Amino acid sequence: MENVQLKSRIDILLKYSKKDVGLSVLGIATIMVTFILSITLGKSFFSINNFQSMMFQISEFGFLALGMSIAMLTGGIDLSIVSNAGLSGVLAAFVMSGKIIPITDSNQMFIIILAIVVAITNSILCGLVNGVLIAKISVPPIIATLGTMILFNGIGMALTNGESVGLLVDDYWKFGTSTIGVIPYIFIIMVITMILINIFLSKHKLGKQIYLIGENKIASLFSGQNTERIIIRIYMIIGFLSGIASLIMISRVNSARMGFGDTYQLQAILVAVLAGYDPNGGKGKVLGVVLGITLLQFLQSAFTILNFTPYSKKLIWGSMLLIVMIINYFLNKERKPRKVAVKEVSKK
Amino acid sequence: MDSTKQGNIKMNKRKLTDMEKYLLIIMIGYIILVSFVNPMFLSFETLFDMFRSGSGTMILALGVMIVIISGGIDVSFTSIAIIGAYCAINLMLKFNINNIYFAFLVSGSIGIFLGSINAIIIYFFKLPTLIVTLGTSSVFYGFMTTFIGTKSIPLAQMPSSLVDFGSKNILTLSSEHGNYGLSVFIIIIVILLFITWFIMQKTMLGRKIIAIGNNEEFAKRIGVNILQTKLFIYCYMGLLSGIMGIIYFSDLKIVNPVTLVGSELMIIAAVVIGGVKLTGGHGTILGTVLGVLLIQLFKSTLVFLGLSTSWNDLFIGCILIFSVCIISYKEKLRNQKELRFSNQ
């Protein structure tokens, strides 16, 4: 009797450790990389300057990675986040360039707020387009967002002819580059967003519904949820995150151009997969995204310090993506027999 | 007797699919519009120019079509094309081999090899093809640029056979601007079109590819060798990429290994515009050809409308979204009518 109880307890324990095995692997990898970097690079890596520049870069990219991971949570993918951010950035830059409304000292604050509103509205609208295509018209997410990616890019290119739009508002640029102590403002914004999204996904009703939809869309439909409306909302949230990313991007370089941040596309997918998000949906945690971004940023800074070519970064990121996927495959394989039976029933 | 004969005729004559009809209508409408605005557009010169610049896209699109019909997606083909061609041309320069067939052979072999790596990873680890090929694309490309080089080869140093091949015409016409002609690339395209058509329509292999695209599990249970079929699919894609790489460089007349990569999504878009369903199992060669032609038409004719090439993406994006909406919405209505639910 006691034996049985003990056995079931051990089972539960094993189940929990296995449930988060991807996350633990990632955590161990992050610690190991940090350890190796501290030995090999020492002070040149662990300097305040280096950490500050890493924080700037992380906050620019973090929102996009977060958006991509939420898309993967639903079993979809969003290829349009970067072009959405590009288009929103260009629109905001137009407002702040003084071409539409002349800038005076007195209306600077108003123009900044207007630009932020324009960028966020546009990005949410772009997300809405994605959501409607995916939910209402049943276009597979990858192809819907491929289409909108080209479309948003096209609108931005047609507006700017591929040239960059400079900003004339000083305060905005100052906000993007200034810090509290050593910590940049934008980094604080990103940390707060991460925490909010984490609470939203784990506590809020809509957040839980996202996991359900990712796990099994038909089941969640039959359990009486309005899956179409939920998916549209999710893609609007993803669009919103792209909008914030765009605002941060233009504040960092003080101008906007289409095609800026194109390399983030692969990186965002990489971080989401690295973070333990299953491309088929239903699995993943915000903590994983945080770890994934940290790991990637540490490696990237190390590459820069070591003077590697940008191409070797590509090689290492690509290999990391494949290796993580393969490790996850082997980890999942162990507990597959139990899962297959459940899945088969739910699919029929 | 009469009715059976009629039936036979009907069977032989394939009806156009809806998508093909829409594409033809859009194309004809667009051509009429452009020639109205600018009569210069209607000439053999424009046509031949389009064939020349579209030939690379066409070749890749054939491979992408097969991959998508099999239910997968490949984004590594542009890096494979560049690697194959760049390595082949470097070898030619190193060993002083000046033979265009050698270039195709080496480039094609490298393509087949890299394609088989894709297939093996996809098959053995049962991973989503998009993510695998995203990964392998950066690995292949990163490997080449790190260990082989990124130096571009100018026209003066390029093997002469390659340059000759790029400027060879099978038909030359002259106008007041000078000579122009139908490039020799068209022969390769016709051959590849025929081979692809033959594989998809006349062989068991083609049936197997479609079966896998419709339902891999069912295909396995009726005895399709999944590994073999996938190896073929991705190796064929690799082979086509290798061929395309050589054509691309010989057309450009400069070997620059940092171009082309990044344009893979546009080619996938061309295939999807042609009505090949991304969920697999459906797609026609005619549709793919029309899709590529349509994109090529936009690429090369915006100038005639007085628009800069920056408008290119806008048009293509609109048409892409329009075409996938039609396909997907029709399917949704059908699924609703038959009470089918899918996890897509």
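Please read these numbers as outputs of a predicted model, since none were measured by experiment. Chain naming here is simple, since letters A, B, ... match the order of the sequence lines and numbering starts at 1 in each.
- With a threshold of 4.5 angstrom between heavy atoms, A:Met258 does not approach chain B through any atom at all.
- The minimum heavy-atom distance linking A:Lys136 with B:Lys332 is given by the pair O-NZ, 2.6 Å.
- In terms of heavy atoms, B:Cys318 sits closest to A:Leu151 at SG-CD1, 3.6 Å.
- Contact annotation for B:Tyr329: both backbone and side-chain heavy atoms come within less than 4.5 Å of a heavy atom of chain A.
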Verdict with reasoning, A:Met325 to B:Ile131, per side chain to side chain contact (heavy atoms under 4.5 Å, CB included): CA-CA 9 Å; A:Met325 293 287 287; B:Ile131 289 168; 3.8 Å; yes
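- Residue pairs meeting the salt bridge (Lys or Arg N to Asp or Glu O under 4.0 Å) criterion with at least one partner in residues 123-138 of chain B, sequence neighbours excluded, are absent.
- More than 12 heavy atoms of other shown residues, nucleotides or ligands fall within 6.0 angstrom of atom OH in A:Tyr211.
- With a 4.5 Å cut-off on non-hydrogen atoms, B:Ser137 does not touch chain A at all.
- Only the side chain of A:Ile269 comes within less than 4.5 Å of a heavy atom of chain B; its backbone N, CA, C and O stay farther away.
- Residues A:Leu315 and B:Phe147 are in side-chain contact: their nearest non-hydrogen atoms beyond the backbone lie under 4.5 Å apart.
- Contact annotation for A:Ile77: only side-chain heavy atoms (C-beta onward) come within less than 4.5 Å of a heavy atom of chain B.
- Enclosure of atom OH in B:Tyr30 by more than 12 non-hydrogen atoms of other residues, nucleotides or ligands within 6.0 angstrom is indicated.
- Heavy-atom minimum distance, B:Thr145 versus A:Tyr311: OG1-CB, 3.0 Å.
- Contact annotation for B:Phe140: neither backbone nor side-chain heavy atoms come within less than 4.5 Å of a heavy atom of chain A.
- Interface remark: B:Leu130 contributes side-chain atoms only to the contact with chain A (heavy atom separation under 4.5 Å).
- Using a 4.5 Å cut-off between heavy atoms, B:Leu278 contacts chain A through its side chain alone, with no backbone atom that close.
- For A:Phe222, the ring pair (Phe, Tyr, Trp, His ring centres under 6.0 Å) partners two or more places apart in sequence, or in a different chain, are B:Phe341.
- To the nearest 0.5 Å, atoms CD1 (B:Ile73) and CG (A:Leu146) are separated by 7.0 Å.
- For chain A, the nearby parts of B:Val324 are the backbone and the side chain; heavy atoms of each come within less than 4.5 Å.
- The minimum heavy-atom distance linking A:Tyr329 with B:Phe125 is given by the pair CD1-O, 3.1 Å.
- For A:Thr148, the parts sitting under 4.5 Å from any heavy atom of chain B are the backbone and the side chain alike.
- Residues of residues 317-324 of chain A placed with any heavy atom under 4.5 Å of a heavy atom in chain B are listed by number as A:Gly318, A:Ser319, A:Leu321, A:Leu322.
- With rounding to the nearest 0.5 Å, the separation of CD1 in A:Ile155 from CG in B:Asp313 is 10.5 Å.
- Note that OG of A:Ser138 is 7.5 Å distant from CD of B:Gln336, once rounded to the nearest 0.5 Å.
- Interface remark: A:Ile137 contributes backbone and side-chain atoms alike to the contact with chain B (heavy atom separation under 4.5 Å).
- Using a 4.5 Å cut-off between heavy atoms, B:Ile327 does not touch chain A at all.
- Of all heavy-atom pairs between B:Leu320 and A:Gly147, the closest is CD2-CA, 3.4 Å.
- Once rounded to the nearest 0.5 Å, the distance linking CD1 of A:Ile143 with CD1 of B:Ile68 reads 6.5 Å.
- Only the side chain of B:Val258 comes within contact range of chain A, judged by heavy atoms closer than 4.5 Å.
- Nearest heavy-atom pair across B:Thr279 and A:Pro140 is CG2-CG, 4.1 Å.
- Note that OG1 of B:Thr146 and CZ of A:Phe308 are 9.5 Å apart. Values are rounded to the nearest 0.5 Å.
- Screening residues 74-86 of chain A for salt bridge (Lys or Arg N to Asp or Glu O under 4.0 Å) gives no qualifying pairs among residues at least two apart or on separate chains.
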Worked verdict on B:Leu314 versus A:Met157 for side chain to side chain contact (heavy atoms under 4.5 Å, CB included): CA-CA 8 Å; B:Leu314 183 63; A:Met157 285 298 276; over 6 Å; no
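- For chain B, no part of A:Ile134 is nearby; none of its heavy atoms comes within less than 4.5 Å.
- Between A:Lys314 atom NZ and B:Ser138 atom OG the span is 5.5 Å, to the nearest 0.5 Å.
- Only the side chain of A:Val273 comes within contact range of chain B, judged by heavy atoms closer than 4.5 Å.
- Here A:Asn161 is the residue among A:Leu221, A:Asn161, A:Asn153 with the most heavy-atom pairs under 4.5 Å with chain B.
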